[in-house]
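Written out below as structure tokens is the structure these notes cover.
Remember, predicted model here, so these are calculated numbers, not experimental data. FYI, side chains are in, hydrogens and waters are out, and symmetry mates aren't considered; it's all heavy atoms of this structure.
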Amino acid sequence: MIQRLVVTALQLAELSVSSVVHMMYGLYIFSSAVAGDLTQTLSESIFKSETTGEVKRSTTQVNDLPPIVLVHGIFGFGKGRLGGLSYFAGAEKKDERVLVPDLGSLTSVHDRARELFYYLKGGRVDYGEDHSKACGHSQFGRFYEKGEYQEWDEDHPIHFVGHSAGAQVVRVLQQMLADKMFDGYENTNENWVLSLTSLSGALNGTTRTYLDGISPEDGKSLKLISLLQICKLGVIMYDWLDIPWLKSYYNFGFDHFNMSWKKTGLRGLVDCLLGNAGPFASSGDWILPDLSIQGSMKLNANLKTFPNTFYFSYATKRTRKPLGMMTVPSGVMGIHPLLFIRVLQMSQWRFPRDIPLPYKGYRDEDWQDNDGALNTISMTHPRIPVEHSNLIVQSDSDCLPLQPGIWYYKIVEADHILFIVNRERAGVEFDLIYDSIFERCRKHVFRKSPQTLPNEAQQQLGGDQED
């Protein structure tokens, strides 16, 4: 009895600390975005720039390049949200043609994949009739008047870079293209995706979901007392209050569940809180169930690695095993305060022995290395329920020339958020990672002939004129 009380007290203390840390970080990000916008507005009003004539830049060669699409992860945001703050810490400025879509930050992988398609092609988001009925939300969502890359097809494929859950979103989208699951687009196929780079990608789920509140019994339901229950309460209230200026600044992406007080009233709020309606109902149509090991296995069972697409993965870790003994965090200074406790907990987590293991061959020790959000084993390549073709590399040059249909992966010493939001924190590593990603997309990944980059075209033109 005393032991149970002690354990409960420790769990409540950990929940309190985790809740405060996460809320403080969220407020920090939000206030930073607001402060940045205010500063920019003030600067523009005081120092009005004088136009002395614009230098016209040729966009012909730039428009010939396939876009590189950066897909954010959980709690992420795209261009246009949180003011001028960049989820990818400005990495989008490293290339001439980069798109940063704003997808639901907590919506399911399925729903985000559908949103990504219509963001690129244009039109009203169609989540699918059967899926929408099963999950209890509207079939149709946001309307994109003009797609960001309307010419997208097999002859105009795209490079995708997905961080965290964003990588799995792209995989699901590619499978949907192969299965021709978009009404009115009968010509889609897997070759619309030229390459996928997974940056700390959630390819096989994470044990962190269980620490945060997903039940390990089914990988879907929520524990009664957990961080995710607090998150659930906050999200429901945020969407129910439906404050326009606030939601235009940041949106969890659940508009198609119609949780606003304007549509459901007080009864709707009660139903959502009790789990009778909304994304947290029994259907589990939100991101966390998709990130459990069981949820990822269910997704992966239907996802293929395609022979004409190039795949590369950066798997991150902030753990070590001194003297070959137990796994521990690799340091204090190199791990973000938001993630340090989770790095420690994930390195010591054990799957409950009184319930079935998530898959045949599961071993706790395989899942101990982590980056504070995902297990390193999950980020290398798709491996459960079936392992896909893969090759580990020490340096980018080891895998040249690249071959499609193989998951090349590299282990990087970093926590889960080192390469997003705060560029200064990553330092030179930030430039090394993104420069290698963009260089690979532009110089080493192509199906027909090497691409001519805008700067190279200018150099060739200058050389021809000299001749």
Side-chain angles (χ1 to χ4, degrees), residues 14 18 22 71-76 105-109 112 162-172 198-223 226-228 231 284 286-301 303 313-319 327 329 335-336 338-352 355 357-359 361-385 387 409 411-412 414-420:
E14 186 276 329
S18 294
H22 283 79
V71 184
H72 65 75
I74 185 173
F75 286 109
S105 66
L106 283 180
T107 48
S108 65
V109 169
R112 294 180 69 195
H163 175 255
S164 191
Q168 198 74 325
V169 169
V170 178
R171 294 190 65 220
V172 170
S198 171
L199 183 57
S200 302
L203 304 176
N204 301 280
T206 171
T207 57
R208 173 163 175 170
T209 56
Y210 312 123
L211 290 166
D212 286 343
I214 292 291
S215 172
E217 282 84 354
D218 60 5
K220 182 178 179 179
S221 58
L222 285 180
K223 299 175 186 176
S226 64
L227 182 63
L228 291 181
C231 172
W286 65 299
I287 191 66
L288 264 299
D290 287 340
L291 297 182
S292 69
I293 296 178
Q294 295 97 320
S296 292
M297 284 182 60
K298 185 177 179 180
L299 284 175
N300 285 347
L303 302 181
S313 174
Y314 293 92
T316 44
K317 66 187 287 273
R318 271 300 186 195
T319 51
T327 305
I335 303 175
H336 195 282
L338 179 70
L339 300 174
F340 184 83
I341 293 178
R342 286 297 190 255
V343 171
L344 177 61
Q345 290 176 314
M346 290 175 68
S347 68
Q348 303 302 313
W349 196 81
R350 303 290 184 272
F351 208 89
I355 61 175
L357 295 176
Y359 63 89
Y362 171 89
R363 301 189 311 165
D364 287 321
E365 54 267 34
D366 294 336
W367 291 78
Q368 290 175 352
D369 282 326
N370 70 89
D371 66 1
L374 297 177
N375 312 86
T376 306
I377 190 175
S378 174
M379 295 181 269
T380 58
H381 59 280
R383 60 171 74 229
I384 55 172
E387 187 167 20
Y409 69 92
I411 308 295
V412 180
D415 64 37
H416 194 68
I417 59 177
L418 187 65
F419 301 114
I420 60 171

Please check if the side chain of D415 supplies one atom and the backbone of L418 the other of a donor-acceptor pair under 3.5 Å. yes
Compare all side-chain heavy atoms of S296 with those of I384 and state whether any distance is below 4.5 angstrom. no
Exam field: side chain N375 to backbone T207, donor-acceptor pair closer than 3.5 Å: yes
G284 and P289 have their tightest heavy-atom pair at O-CG, 3.7 Å
Looking only at non-hydrogen atoms, find the nearest pair between S226 and G213 and report the distance. CB-CA, 3.4 Å
Nearest 0.5 Å, what's the CG-CH2 distance between L374 and W367? 9.5 Å
So, does S378 use its side chain to make a donor-acceptor pair with the main chain of N204 at under 3.5 Å? yes
Within-4.5 Å side-chain heavy-atom neighbours: C231 and L106: yes
Could you check if a side-chain atom of Q168 sits within less than 4.5 angstrom of a side-chain atom of L303, using non-hydrogen atoms only? yes
Under 3.5 Å, side chain of R383 to main-chain N/O of I377, donor-acceptor pair present? yes
Determine whether a donor-acceptor pair (N or O, by modelled atom type, separation under 3.5 Å) exists between the side chain of T376 and the backbone of A315. no
Rounded distance (nearest 0.5 Å) linking atom CD1 of I417 with atom CG of L339: 4.5 Å
Please examine the side chains of L203 and M379, heavy atoms only from C-beta on, and report whether any two atoms are closer than 4.5 Å. no
To the nearest 0.5 angstrom, please state how far the CD1 atom of I287 sits from the OG atom of S164. 8.0 Å
Could you tell me which residues satisfy side chain to side chain donor-acceptor pair (under 3.5 Å) with T316, sequence neighbours excluded, listed by chain and number? S200, D371
If I compare all heavy atoms of S105 with all of G76, which pair ends up nearest, and what's the gap? CB-O, 3.3 Å
For Y210, which residues count as a ring pair (Phe, Tyr, Trp, His ring centres under 6.0 Å) partner, sequence neighbours excluded? W349, F351
Looking only at heavy atoms, what is the nearest atom pair of S198 and A167, with distance? OG-CB, 3.5 Å
Qualifying residues under side chain to side chain donor-acceptor pair (under 3.5 Å), relative to Q348, sequence neighbours excluded: none
On a heavy-atom basis, which atom in S221 and which in D218 lie closest, and how many Å separate them? OG-OD2, 3.0 Å
Under 3.5 Å: donor-acceptor pair, side chain of S347, backbone of L344: yes
Please examine the side chains of R112 and V172, heavy atoms only from C-beta on, and report whether any two atoms are closer than 4.5 Å. no
Are a donor atom and an acceptor atom from the side chains of D290 and S108 found within less than 3.5 Å of each other? no
Just by distance, do the side chain of N370 and the backbone of Q368 share a donor-acceptor pair under 3.5 Å? yes
Residues A165 and L291: closest non-hydrogen pair is CB-CD2, 4.1 Å
Assess whether ring pair (Phe, Tyr, Trp, His ring centres under 6.0 Å) is satisfied between H336 and H416, documenting all intermediate values. CA-CA 9 Å; H336 195 282; H416 194 68; over 10 Å; no
To the nearest 0.5 Å, what is the distance between CD on Q294 and CG on L357? 10.0 Å
Could you work out, with side chain to side chain donor-acceptor pair (under 3.5 Å) as the rule, every residue matching H381, not counting sequence neighbours? E387, N390
Is any side-chain heavy atom of W286 closer than 4.5 Å to a side-chain heavy atom of T107? no
Min side-chain heavy-atom separation R171-N300 under 4.5 Å: yes
Whether S292 side chain and G219 backbone form a donor-acceptor pair below 3.5 Å: yes
Do the side chain of Q345 and the main chain of G372 share a donor and acceptor less than 3.5 angstrom apart? no
Quick test of your reading: applying salt bridge (Lys or Arg N to Asp or Glu O under 4.0 Å), list the pairs with at least one residue in residues 342-351, sequence neighbours left out, ordered by first then second residue. E14-R342, D212-R342
Within the structure provided, determine whether L228 and T209 are in side-chain contact (heavy-atom separation under 4.5 Å). no
Over 12 non-hydrogen atoms of neighbours within 6.0 angstrom of NZ in K223: yes
Decide whether T319 and D369 meet the rule of one side-chain donor and one side-chain acceptor closer than 3.5 Å. yes
Go through the structure and list residues passing ring pair (Phe, Tyr, Trp, His ring centres under 6.0 Å) with Y359, not counting sequence neighbours. Y362
